[in-house]
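Below is one structure, written out as structure tokens, with a few remarks after it.
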Amino acid sequence: MYWLLDYAEQENLRQRMIRLQSTILNRQPRDQSEQIFPFIGRKSRTIARTLIENLTDENAVVVDPFGGSGTFAYAALDAGRHVLFNEWEPYAYKMSTAPFRGVPDSEEYCASLRFITQRVEPTMNAIYKTRCPNCGTELSFDGLFFDRDPLEYYHPTPHERLGANGENVIFRNRRYRCHCGCTEKHYDDFDEAVRLQVEAMPCDFPNVELIENSRLNFTAPQYTAYQNLFSKRQQIALMTLKNAIAELPESTRTFFEDTLISITHCGKYTDYRSKSQDNHCPENRLKETNLYHRFLEKLEERKTYIATQNFDLNLLEVSSMDYRSFLHTIPPNTVNLLLTDPPYGDNAQYFEHAQRVHPIMGYSLREDNDRLHNEVVISNAPSRADKHSKEQFLTDIERLFVEANRIVDDHGFMVLYFRPQQRDWVSDLNKLKDFGRRHGFEPLLTISAGISDPSMRALASAAWTFKNDVCFIFLKLRESERRWYEGETDIDELVFLAATKAATDQGNPFVITQFNQEFLSQLRRCGLMRLAHPMYENKIKRTLERFTTRNGAQYRLTGLSPYTMMNREMNAEIRLREFAPVVIEELTADGQGFTFEEYVIHLASFMENGSREIINQLHTANRLIPELLSVYAVEDPEQGKFFASNTININHNADGREHLCAMDPYDFERLIADYFVRRGFVHAEVIGRSGDRGVDVLATNIHGEYELIQCKRFSILRRKQ
């Protein structure tokens, strides 16, 4: 445990965490050049490098078993560290490792581009053909707005991206506008004739069935058929490019393939704002994009970006396998930092989401039993019943800690990015801490990384959803410093509780027989009487020495432990109600605002006491978290932050009195809180809102006990005689 480290190590860690937190909280915008392929949940490369440089020295080894977009590997190479990178999902692996493959030789690239141009342009010019309404010149449109159901091109549903007079055929870009200067037009009979010709063209598009997942908008029966995600025009464009690229020489083919895969999502049905990461196929206000234009643009963008990376590939090893298999390849105690963003929750099933690209790659997730069985995920796909429960998922996450304990060196670090599920904010945060402690990692810091992710926000668009990444930083402890767990039970905690009872409330010295008697009671309570076997005697005594000093036959508590301030009997709901206003007061000191993530992180630190009982109770108390925030704070939508609520003053009549039934409900509750204070209670505050059928006032009596008060007003009517 952290408190068992010597003072110099503790101080070094404290200062390191202070510097790290200060640097990360100085928020920097994400570099948009990183968006060379679409990926949900992409992280900030700058913040990742900050973490790596603060937590490791030169020549350190950094491991990422869930590589995703590749950001952490890029950041580690930027910092000059050795990197072991792994990503099992085929699309993400191909895209994230593309910068490691570099760019083709300039002469070979130009030759391949000329071949593609000659091979595909006749088809592209035909399927995207339009005619300038001013001069009659034929050209390719860049975008076409239309409605899908019912099909309407001449007069689609209006929106702000149409021309000033409702024009819906667009070639505004300077590169694509007509030579006469015309940039847009109304869809006309010429365009309709082109569309009908396109519909009649043959196309060998993949006719495959996707895994149904309504959360990802792969809904049966229509949108689990891959071809139904694309219009006929876009099917022809994708297959024309794919077939031409297949004829390129090996030296350039992969680069052109990667580029096609990176723009495939632009071809499916998308709304007029081009929210292409959403698999939903809207009925109206759609946009059809010229995929050939996007392909040529992306070729240059990727070539420029990759050429500037200048990675030292001698520092890199890449893998594509199940994270357990990957970690098994790493020798014990050889890693200085495990930095990763594991799948967490059910906001995005990455493997299933990538099905919108898989058929173009020639891959089928439906037929990959290994990935279907071993993927770390919660999925609502009907065909994946073994992935429906959170329990199996948490078992996979806990396994990550088990494997990390083996490979991370003593006093190395483990950093997890994390977004808790809406129904379990605090309990999920504290469950990760529990996993860490159970497997030899001490939580040091939990911090909001502060980079909003619009793509994730779109997928999890509900009130009170985390918009920012949360980082957990753990320290790998030596065997002599870690807690002793038996299954899910913290034996250190049982030893401390037994010693505390043996010392009584006065903290008296005690002998080993008194401790043993109390410890046996704890073992009976937890069903762990097997630990009373003599084989555990020395280990129990060594654990007792963590919390005590010994003088002859007597032991005395030192007062140093992570359990000292624990109130095991306090109900989780009461803890939330008591600490929420304290947290908000801290976060709004000097008038500053705070994010929802910061509120939950701070609240979790008050709620967390190493007790699984509290974590389990928090599942039911979780609903109070936004409710209590609404009581004590108000949100400024423009800043995206919360600020402390202003005190509401009760208006009195001229004679100082007000009819109870005429009072505002909140004012009435404040009056009742004041009444209890005047009765001699130490403290009373309004914690609920009228109509919530819950507790309205929390009062503390002179014994420090809590009274839960519900306020009601009744009108008494006289019955006529």
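Bear in mind that the values here come from a model prediction, so they are computed numbers and not experimental data.
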(Q) I'd like to check the salt bridge (Lys or Arg N to Asp or Glu O under 4.0 Å) partners of Asp368; sequence neighbours left out, ordered by chain and number. (A) Arg371
Q) side chain to side chain donor-acceptor pair (under 3.5 Å) with Asp386: which residues, sequence neighbours excluded? A) none
Q) Just checking, any donor-acceptor pair under 3.5 angstrom between side chains of Thr97 and Arg101? A) yes
**Q.** Partner residues of Glu89 under the side chain to side chain donor-acceptor pair (under 3.5 Å) criterion, sequence neighbours left out
**A.** His358
Q: Using salt bridge (charged side-chain N to carboxylate O under 4.0 Å, His left out) as the criterion, point out the one residue from Arg483, Arg546, Arg482 that pairs with Asp492.
A: Arg546
Q. Does atom CD of Gln15 have more than 12 heavy-atom neighbours from other groups under 6.0 Å away?
A. yes
Q: Identify, with sequence neighbours excluded, every residue that meets side chain to side chain donor-acceptor pair (under 3.5 Å) alongside Glu486.
A: Trp484, Arg530
(Q) Restricting to salt bridge (Lys or Arg N to Asp or Glu O under 4.0 Å), what partner residues turn up for Arg478, sequence neighbours left out? (A) Glu9, Glu481
Q | Those residues that, when tested against Glu87, pass salt bridge (Lys or Arg N to Asp or Glu O under 4.0 Å) (two or more places apart) | A | none
Q.
Show every salt bridge (charged side-chain N to carboxylate O under 4.0 Å, His left out) that has at least one partner inside residues 60-73, sequence neighbours left out.
A. none
Q: Go through Phe66 and Phe72 one step at a time and tell me if the side-chain contact (heavy atoms from CB on, under 4.5 Å) criterion holds.
A: CA-CA 10 Å; Phe66 299 99; Phe72 295 163; over 6 Å; no
Q) Ion pair present between Arg542 and Glu545, side-chain N to carboxylate O less than 4.0 angstrom? A) no
Q. Residues in side chain to side chain donor-acceptor pair (under 3.5 Å) with Asn380, at least two apart?
A. Asn213, Ser214
Q.
Can you list everything that forms a salt bridge (Lys or Arg N to Asp or Glu O under 4.0 Å) with Glu209? Sequence neighbours excluded, please.
A. none
**Q.** Whether Trp88 and Phe351 hold their rings parallel, tilted or perpendicular, with breakpoints at 30° and 60°
**A.** perpendicular
Q) Tell me, which pairs form a salt bridge (charged side-chain N to carboxylate O under 4.0 Å, His left out) where one or both residues lie in residues 315-326, sequence neighbours left out? A) Asp322-Arg324, Arg324-Asp396
(Q) The criterion is side chain to side chain contact (heavy atoms under 4.5 Å, CB included); which residues satisfy it with Ser319, sequence neighbours excluded? (A) Asn86, Met321, Phe326
Q: State which residues pass side chain to side chain contact (heavy atoms under 4.5 Å, CB included) with Met535; sequence neighbours excluded, sorted by chain then number.
A: His533
Q. Charged N to carboxylate O below 4.0 Å: is that the case for Arg399 and Glu403?
A. yes
**Q.** Phe218-Tyr223 aromatic ring centre distance below 6.0 Å
**A.** no
Q) Does Leu51 reach the side chain of Ile473, with side-chain heavy atoms less than 4.5 Å apart? A) yes
